[in-house]
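Just so it is clear, the structure is predicted and the values come from calculations on it, not from any experiment. Count residues from 1 along the sequence.
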Amino acid sequence: MPGRAKTLTSIPWAAKEGHHSPLYWRQKAIGGRKALSSVLVAAAFLLLCLLVQGATGAWHAAFVAYPDEPSHFIGGVMVRDYLASGLSSTPYRFAQNYYAHYPFFAIEYWPPLFYILTGVWFLLAGVGRFQALLVSAGAAAGMAWILYALVRKRGGFVAGCCAGFLFLSLPEVQRWMCAVMVDEMVGFFCLAAAVRLLSYFERPTARNAIYCGLCCACATLTKYSGAYVCVMPLAACLCLRRFSLLRKPSFLALHLAIALPVVPWVVWTAKLYAVGLPHEQGEPIARRVGPLLVQLLRMFPPVLMVVVILGLLALIVMPRVWRADLIALGLLCAGGLALLLLSPVRPEGRYLLVASAALLALSFAGWVAALEPLRRRGAMGARIVPALAVVFTLSIAAAHLCGYPRPPEYSIQPVVKAIVDHPAWAGKRIIVAPDLEGPMIAAFAIQDRHRPGYELLRPGKLFAKQDWFGGHYVELVRSPEEMMAFLRRAPVDLIVWRLQLRTPLKAHVRFMDEMLRNYPLSWRRVAAFGAAGGDPSSWVVYEFAP
């Protein structure tokens with residue numbers, strides 16, 4: 001109306017010029033400080049992971065932490081080389097040719113996301129064990145950071161930091177952050193799915209639904225051991241009695257975000273479903289529940305185990321504090337345990353990383369609720385509780401950091417370097433050491449400057465048949481003479497041999513040892529390497545003389 005005075009907030013340009021109330025700027029400053037503190041905490045967690053890796057020698061170790069480790073590494077290298085080739089052929093044809101040179105990966109059996117992310121990282125940072133372990137460190141730090149964020153909402157900044165540092169001090173967490181394995185990336189996506197699900201419950205928008213669905217899909221496409229998070233949204237809705245969400249279009253969008261990337265891969269690889277799985281489970285499910293729960297609790301050092309149990313007991317007797325975040329954590333823990341009980345795989349510590357993180361967060365929630373009266377009594381109580389938490393965390397970390405059981409050391413890198421540096425041996429057909437096939441092929445993948453150049457052969461595939469676990473073993477040659485005749489028909493250039501101290505040896509390994517000793521004119525000893533570090537055996541390189 002003419003003559004009516006306009007207030008500052010009614011002028012359209014006022015907001016653009018930054019004319020906001022003091023409360024707005026105060027809230028914005030608090031949000032900025034929280035964001036900065038979160039970034040600093042994430043950086044501290046990552047730095048701790050790198051310090052553990054460096055202090056334990058993980059960057060320079062061989063790929064022997066677990067039998068699957070070299071396969072995961074070589075799979076990432078293959079994706080990197082495929083991208084670097086400019087997508088020169090179909091992925092399947094490129095993988096077939098790559099396997100003919102480096103026969104130690106199984107991307108079609110394992111889902112592809114870990115290898116895609118690692119391959120892109122290799123393309124940016126270069127190929128090496130250090131670069132691969134940065135992925136493991138990032139995943140472990142990411143799990144700790146999500147744990148920090150969940151605990152901070154209930155217990156504050158100090159409690160969140162303590163939860164993250166305690167998680168990273170667990171021996172099993174350290175063990176797998178120092179290996180090129182997929183399990184901590186699976187754990188990261190599982191925890192991220194829980195966080196995004198909580199965001200969806202707070203604001204059931206299509207965007208939050210899609211974010212949650214994509215996190216569930218990423219967990220599944222990293223490894224099928226994370227597939228249980230795909231049922232967590234429905235289970236959480238039922239547990240929280242949020243039945244109205246089931247009728248929302250966004251809830252359908254959440255499951256479409258899971259199905260669209262996951263279903264095509266599952267259908268395409270359905271023929272490999274049972275590969276790598278034991279055919280029979282040892283005991284009935286009911287008899288395995290107790291030992292599995294004990295194994296989960298043993299993920300924590302004894303003193304920390306007692307503290308975790310007491311926190312859980314406090315949480316059980318105070319149901320008033322149970323809200324959506326605790327329901328999601330409980331479902332994470334229960335889902336991971338249910339998957340282990342229903343599947344035929346042997347429960348190992350790496351499968352319990354998510355459950356242990358959820359259990360730790362639930363225990364913190366119990367302690368926060370139990371100590372709330374003390375914190376309300378005044379400034380002294382509010383200071384004592386965080387101080388005791390910090391002292392306890394530092395004590396646990398000092399006792400258990402870098403204390404995980406480390407794998408043996410092997411002098412693989414010098415042997416491979418000697419072969420790669422020899423110009424006459426470039427691109428040759430090489431039989432790798434029988435008991436260290438994967439680690440040696442991974443070492444070639446790092447040092448080969450013209451990947452895939454060498455044609456590496458696995459004696460366990462060349463001269464024998466066996467299943468994924470080394471069982472159902474059948475030798476394809478029955479004597480050293482028969483093995484020698486085979487190699488005359490299909491000659492190789494080099495054999496890398498490691499003088500082993502353990503017995504008994506498999507038949508093809510024993511025949512190869514006898515063949516190398518019985519035919520000295522055909523197999524010339526061209527290089528030898530003494531034992532180094534913790535390697536109890538020496539190495540010899542033999543060259544074929546037709």
I would like to know whether K223 and D183 meet salt bridge (Lys or Arg N to Asp or Glu O under 4.0 Å); could you show each step before the answer? CA-CA 8 Å; K223 193 176 182 180; D183 302 282; 3.2 Å; yes
Can T269 and Y224 be said to form a side chain to side chain contact (heavy atoms under 4.5 Å, CB included), step by step? CA-CA 12 Å; T269 60; Y224 293 135; 3.4 Å; yes
Go through it in stages, so that I can follow the logic: the residues are V120 and V79, the test is side chain to side chain contact (heavy atoms under 4.5 Å, CB included), and I'd like the CA-CA distance, side-chain angles, deciding distance and then a yes or no. CA-CA 8 Å; V120 171; V79 172; 5.8 Å; no
The test is side chain to side chain contact (heavy atoms under 4.5 Å, CB included); show your working for F392 and V303 and say whether it passes. CA-CA 10 Å; F392 178 77; V303 176; 3.8 Å; yes
Working note: V158 + C161, criterion side chain to side chain contact (heavy atoms under 4.5 Å, CB included); need CA distance, chi angles, decisive distance, verdict. CA-CA 5 Å; V158 174; C161 291; 5.8 Å; no
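With F364 as the aromatic partner, R154 does not meet the cation-pi criteria of under 6.0 angstrom to the ring centre and within 45 degrees of the ring axis. Judged by a 6.0 Å distance limit and a 45° cone about the ring axis, R498 is not positioned over the six-membered ring of Y410.
Counting heavy atoms from C-beta on, the side chains of L331 and Y228 never come closer than 4.5 Å. Annotation: side chain of P112 is in contact with side chain of W265 (closest heavy-atom distance under 4.5 Å). At a threshold of 4.5 Å between non-hydrogen side-chain atoms, the residues Y473 and H508 count as touching. Using a 4.5 Å heavy-atom threshold, the side chains of L296 and L337 count as touching. A 4.5 Å side-chain heavy-atom check between D68 and V182 finds every atom pair outside the cut-off. By the 4.5 Å heavy-atom criterion applied to side chains, L359 and F300 are counted as neighbours. Counting heavy atoms from C-beta outward, L166 and L170 have side chains that stay 4.5 Å or more apart. Between V368 and V385 the shortest side-chain heavy-atom distance does not fall below 4.5 Å.
A donor-acceptor pair is defined here as one N or O able to donate and one able to accept, closer than 3.5 Å; no such pair exists between the side chain of R196 and the backbone of G213. Panel note: side chain Q53, backbone M177; a donor-acceptor pair is recorded below 3.5 Å. At distances below 3.5 Å, at least one donor-acceptor pair connects side-chain atoms of E69 with backbone N or O atoms of A65. Not one N or O on the side chain of W539 forms a donor-acceptor pair closer than 3.5 Å with the backbone of V415. Under the 3.5 Å distance criterion, the side-chain polar atoms of R80 are left unmatched by any main-chain donor or acceptor of T118. In terms of modelled atom types and a separation under 3.5 Å, the side chain of W367 and the main chain of V308 share no donor-acceptor contact. In terms of modelled atom types and a separation under 3.5 Å, the side chain of E409 and the main chain of A61 share no donor-acceptor contact. Between the side chain of Y200 and the main chain of F251, a donor-acceptor pair closer than 3.5 Å is present. A donor-acceptor pair under 3.5 Å is formed between the side chain of Q174 and the backbone N or O of S169. Within the 3.5 Å criterion, the main-chain N or O of P103 finds no donor-acceptor partner in the side chain of E437.
Shortest non-hydrogen contact noted between S225 and L339 is O-CD2, 3.1 Å. Considering all non-hydrogen atoms of both residues, P439 and V64 come closest at CG-CG1, 3.6 Å. The nearest pair of heavy atoms linking L505 to R510 is O-NH1, 3.5 Å. Closest non-hydrogen pair, C230 versus I258, comes out as SG-CG2, 3.6 Å. A144 and L168 get closest at one heavy-atom pair: CB-CG, 3.7 Å. Closest of all the heavy-atom pairs between L133 and A58 is CD1-O, 3.3 Å.
Side-chain contact of T56 with Y404: a donor-acceptor pair under 3.5 Å is present, judged by distance alone. Residues K461 and Q466 have side chains that never bring a donor and an acceptor to within less than 3.5 angstrom of each other. Between the side chains of R152 and S37, at least one donor N or O lies within less than 3.5 Å of an accepting N or O.
With ring centers used as reference points, H72 lies 6.0 Å or more from Y66. If you look at F105 and F73, their ring centroids are not closer than 6.0 Å.
We find the OG1-CZ distance between T222 and F114 to be 9.0 Å, quoted to the nearest 0.5 Å. One finds the SG atom of C239 at 11.0 Å from the CE atom of M232 (value rounded to the nearest 0.5 Å). Remark: Y99 OH to M78 CE distance equals 12.0 Å, nearest 0.5 Å. Atom CG of L46 sits about 7.5 Å away from atom CG of L134, to the nearest 0.5 Å. Here the straight-line distance linking atom CG of L310 with atom OG of S363 works out to 8.0 Å at 0.5 Å rounding. A distance of 15.0 Å separates OG of S71 from OH of Y102, quoted to the nearest 0.5 Å.
More than 12 heavy atoms of other shown residues, nucleotides or ligands fall within 6.0 angstrom of atom CZ in R458. Under a cut-off of 6.0 angstrom, the local environment of CZ in F165 is crowded, with over 12 non-hydrogen atoms contributed by other residues, nucleotides or ligands.
W145 and Y148 have tilted rings, their planes meeting at an angle from 30° to 60° on a 0 to 90° scale.
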